[in-house]
Amino acid sequence: MSTELQSELVQAVKQRRNFAIISHPDAGKTTLTEKLLLYGGAIHEAGAVKARRAQRKATSDWMAMEQQRGISITSTVLQFEYQHCQINLLDTPGHQDFSEDTYRTLAAADNAVMLIDTAKGLEAQTRKLFEVCKMRGIPIFTFINKLDRPGREPLELLDEIEQELGLQTYAVNWPIGMGDRFKGVFDRHKQQIHLFERSAHGSKEARNTIVDLGDAKIEELLEQELYFQLKNDLELLEGVGPELDLDLVHQGKMTPVFFGSAMTNFGVELFLKYFLDYALQPGVHNSSVGEVPPTYPEFSGFVFKLQANMDPKHRDRVAFIRVCTGKFEKDMTVNHARTGKIIRLSRPQKLFAQERESIDVAYAGDVIGLNNPGVFAIGDTIYVGQKLEYEGIPYFSPELFAILRNPNPSKFKQFQKGISELREEGAVQIMYSTDEAKRDPILAAVGQLQFEVVQFRLQNEYGVETQLELLPYSVARWVEGGWEPLNKVGRLFNTTTVKDSMDRPVLLFRNEWNCQQLEQDHPELKLSAVAPVFS
Ligand code: G4P
């Protein structure tokens, strides 16, 4: 390899940070994303992303909604620069958009930002997404948001994270006041107080006064009571809390915590700065030839998400590739590991919100969107040079189940074809009854939207109108070792056995309790919430 390329790759990796935000709806993800873009100079006035979202929400017709949603029905990648760093924000859909793609996006992220509403603390969706991050052992940065509103005590929130998620916490900054009296944050590393001025809905960067802790000016700038409280809190923190340990952070065992208010921009820039210092840059990936470093000279990457545009006029499909090594160049020819095909990567896209932009080069940690004429499946590897294949992306535990029926026998073929293609694309998981007489597929999803997408696309792309019958299950577990251990235990109660598309047994339960009961009764059965994709 030329030394020129080597230093180009080293430099590119050093400058890159990639992350996804995990949060529960309404915690402020859209607002924080927008403020990060504002500080990154990618937008000049906050409001644009939100306006688009509001527009989407307001459209009720499905088709129109789809046109609006376009790429946003699944994740979008936002790229911006800050202090010479290229930052890739892998946007995970939330709300009613919640689907398996939300989880898959985390498989392409090197870091996660856990966003928490100070009044609500940890919420359901955040916990679920946290589990996926934990499984991957990626660093988690916590931003506790909405400090401009009355909320829970900061120490209580740290305690909740520690107790419930088993993560050590280290407060990087500390809030000064709360609600109407939220004045700013204290930077523990630099021992400086940041006092902010509010601007209208934070559409511009917040004006920020920085004062050292012992500075006499503080008395003029900050109410005495708040100052005393800060000093007390800090003493307490120093006394009880551990030191910041970046190794633990990088292993996903300790989370640096930041307090702020995305809406008023308080603490956003400070967060961004420390995040860039502490976050992991693109690292090694496990593959069939062992661990491959991001500076490996040949290009390679894997597909973590497929996106079909549901507008019949623009029926393009996009495969999102996480670049793992080397340098991607427009029009390059690559190998497709699963099929052995050779593919020319024309028309690559970098995605900024909904506007698609063509890109010429990309490096490890970047995401590119490629037109996908049915070649790519989730987890596929593309590479140049020596053959390698990355570990697949697991199937995530579905929580919603429904039988899908095709009432029209003359459409049998189209129905089968549609189901099989949508499954390959990862739009939904497909399971079948173990009773051969029951041939209707069981759709298994993590979000309601996935059912809607499947029915909509079957009708529009395959001409099949289907009926959906919801099933009363909410928990699925794969049986490790397959059918043999399952057949050994004999009859099981309060569960239904089905098989997934690879004929592996899956147990469905109505609730967690039934699942736990079975685990207690049959410790010899090893159950798993995720199934690996065998490539
Ligand atoms: P999401 O993407 O996580 O669902 O959350 P989003 O950013 O849409 O924020 C949800 C609501 O919380 C919004 O209010 C937003 O303005 C508000 N919010 C976000 N960050 C903060 C913050 O730091 N402080 C306060 N006080 N509120 C915050 P909304 O009423 O739904 O919308 P809007 O009318 O304000 O636009």
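Whatever order the structure lists them in is the order used to number ligands and atoms, beginning at 1.
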**Study point:** Thr31, portion touching ligand 1 at heavy-atom distance under 4.0 Å
**Key:**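 Both the backbone and the side chain of Thr31 come within reach of ligand 1.
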
Check your understanding: By side-chain contact (heavy atoms from CB on, under 4.5 Å), which residues pair with Leu400, not counting sequence neighbours?
Key ->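 Leu400 satisfies side-chain contact (heavy atoms from CB on, under 4.5 Å) with Gln448, Phe451 only.
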
Check your understanding: What class does the angle between the rings of His189 and Tyr274 fall in, given that below 30° is parallel, 30 to 60° is tilted and above 60° is perpendicular?
Key ->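 His189 vs Tyr274 ring planes: perpendicular.
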
Exercise for review: Might you confirm whether atom CD of Glu156 has over 12 heavy atoms from other residues, nucleotides or ligands at distances under 6.0 Å?
Suggested key: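 Yes.
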
Check your understanding: Quick one: which of Asn145, Val268, Leu147 has a heavy atom closest to atom 20 (N) of ligand 1?
Key ->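 Of the listed residues, Asn145 has the closest heavy atom.
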
Review point. What atoms of ligand 1 come closer than 4.0 angstrom to any heavy atom of Asp26?
Key: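 The atoms of ligand 1 under 4.0 Å from a heavy atom of Asp26 are 1 (P), 3 (O), 4 (O), 5 (O), 10 (C), 12 (O).
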
Check your understanding: Of all the atoms in ligand 1, which lie at a distance below 4.0 Å from a heavy atom belonging to Arg149?
Key ->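 Under 4.0 Å from Arg149, ligand 1 has these atoms: 26 (N), 27 (N).
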
**Study point:** Ala262 neighbourhood, listing ligand 1 atoms whose heavy-atom distance to it stays under 4.0 Å
**Key:**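 Matching atoms, with element in brackets: 23 (O).
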
**Study point:** Ser261 and ligand 1 - part of the residue with a heavy-atom distance under 4.0 Å
**Key:**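 Both backbone and side chain.
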
Review point. Of all the atoms in ligand 1, which lie at a distance below 4.0 Å from a heavy atom belonging to Thr30?
Key: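 Listed by number with element, the hits are 1 (P), 2 (O), 7 (O), 8 (O).
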
Practice item. Would you kindly specify which portion of Asp148 sits under 4.0 Å from ligand 1, judged on non-hydrogen atoms: side chain, backbone, both or neither? Key: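 Side chain only.
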
Point to revise | Atoms of ligand 1 close to Lys29 [distance to a heavy atom under 4.0 angstrom, numbered from 1] | key: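 In order of number, 1 (P), 2 (O), 3 (O), 5 (O), 7 (O).
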
Review point. If you measure every N/O of Leu32 against every N/O of ligand 1, is any gap under 3.5 Å?
Key: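 N/O-N/O distance under 3.5 Å: no.
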
Check your understanding: How would you list, by chain and number, every residue that makes a side chain to side chain donor-acceptor pair (under 3.5 Å) with Glu512, sequence neighbours excluded?
Key ->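 With neighbours one apart ignored, the set is empty.
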
**Study point:** Of Phe258, Phe271, Phe275, the residue whose pairing with Phe143 passes ring pair (Phe, Tyr, Trp, His ring centres under 6.0 Å)
**Key:**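 Considering Phe258, Phe271, Phe275, a ring pair (Phe, Tyr, Trp, His ring centres under 6.0 Å) with Phe143 is found only for Phe271.
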
Practice item. Take the angle between the ring planes of Phe396 and Tyr103 and call it parallel below 30°, perpendicular above 60°, tilted in between. Key: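 Aromatic pair Phe396/Tyr103 classed tilted.
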
Exercise for review: Would you please indicate if the ring centroids of Tyr278 and Phe141 are separated by under 6.0 Å?
Suggested key: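 For Tyr278 and Phe141, the ring centres are not under 6.0 Å apart.
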
